[in-house]
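What follows is a set of notes on a single structure, which appears directly below.
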Amino acid sequence: YYLRSVSARDESTKTLVLKIWDLRLLTDETDLDALKKRLQEDLKRSELINERLIHPKLGCAKLRIHLEDIAYCVEWQEWSWPEEEAQQG
């Protein structure tokens, strides 16, 4: 599983809802190679919303976690995205 995005935060329950990519159906090297090649293309953020357009076997799920369960956080920046798309988050 890989983190795709944070979709919600609930202050009252101190939880986050994360969207994760599920790679379990990508079972052979050709699947993984196709996914890697697709992700290296110049994709717009809007194209990353529908995982089936990235790869037909790529799945997505929501995961609710408590803030206290987070050990650390890494923020990744993609400098090739146009500024107006980066503002959309």
Side-chain angles (χ1 to χ4, degrees):
Y1 305 97
Y2 288 88
L3 178 63
R4 181 176 105 38
S5 62
V6 177
S7 63
R9 179 179 174 157
D10 186 336
E11 289 295 329
S12 63
T13 61
K14 301 211 180 303
T15 59
L16 293 173
V17 177
L18 309 176
K19 289 188 178 179
I20 56 173
W21 279 342
D22 182 354
L23 306 181
R24 291 178 296 168
L25 292 179
L26 284 79
T27 55
D28 60 43
E29 284 299 314
T30 56
D31 289 336
L32 293 173
D33 289 342
L35 176 62
K36 288 176 187 177
K37 182 178 177 184
R38 179 73 172 125
L39 290 173
Q40 289 175 358
E41 294 175 9
D42 190 21
L43 299 173
K44 296 179 181 178
R45 281 188 170 206
S46 59
E47 293 177 282
L48 295 172
I49 291 171
N50 185 343
E51 65 278 352
R52 298 289 184 192
L53 296 178
I54 299 168
H55 192 284
K57 291 184 178 179
L58 186 60
C60 191
K62 291 181 181 176
L63 176 67
R64 183 176 297 271
I65 64 168
H66 290 274
L67 292 174
E68 63 189 29
D69 293 333
I70 299 173
Y72 61 91
C73 183
V74 175
E75 183 177 347
W76 176 72
Q77 298 288 327
E78 176 52 67
W79 304 113
S80 66
W81 284 333
E83 184 64 29
E84 61 273 7
E85 284 194 41
Q87 297 293 326
Q88 295 173 5

Could you measure the distance from the [atom1] atom of [X] to the [atom2] atom of [Y]? Nearest 0.5 Å is fine.
{"X": "Ile20", "Y": "Cys60", "atom1": "CD1", "atom2": "SG", "value": "7.5 Å"}
{"X": "Leu67", "Y": "Asp69", "atom1": "CG", "atom2": "CG", "value": "8.5 Å"}
{"X": "Thr27", "Y": "Lys57", "atom1": "OG1", "atom2": "NZ", "value": "4.5 Å"}
{"X": "Glu51", "Y": "Arg4", "atom1": "CD", "atom2": "CZ", "value": "7.0 Å"}
{"X": "Ile65", "Y": "Thr15", "atom1": "CD1", "atom2": "OG1", "value": "9.0 Å"}
{"X": "Arg64", "Y": "Leu16", "atom1": "CZ", "atom2": "CG", "value": "9.0 Å"}

(request) Compare every heavy atom of Trp21 with every heavy atom of Leu48, then report the nearest pair and how far apart it is. (result) O-CZ2, 4.2 Å
(message) On a heavy-atom basis, which atom in Lys44 and which in Glu47 lie closest, and how many Å separate them?
(response) N-OE1, 2.7 Å
Side chains of [X] and [Y]: does their closest heavy-atom pair fall under 4.5 Å?
{"X": "Leu58", "Y": "Leu23", "answer": "yes"}
{"X": "His55", "Y": "Asp31", "answer": "yes"}
{"X": "Leu43", "Y": "Arg38", "answer": "yes"}

(request) Check the hydrophobic clustering (I, L, V, M, F, W, Y; side-chain heavy atoms under 4.5 Å; chains of links allowed) and say if Leu26 and Leu39 are grouped together. (result) yes
(request) Indicate, with yes or no, if Val6 and Leu63 share a hydrophobic cluster defined by side-chain heavy-atom contacts under 4.5 Å among Ile, Leu, Val, Met, Phe, Trp and Tyr. (result) yes
(request) Examine distances only and state if a side-chain atom of Ser7 and a backbone atom of Val17 form a donor-acceptor pair shorter than 3.5 Å. (result) yes
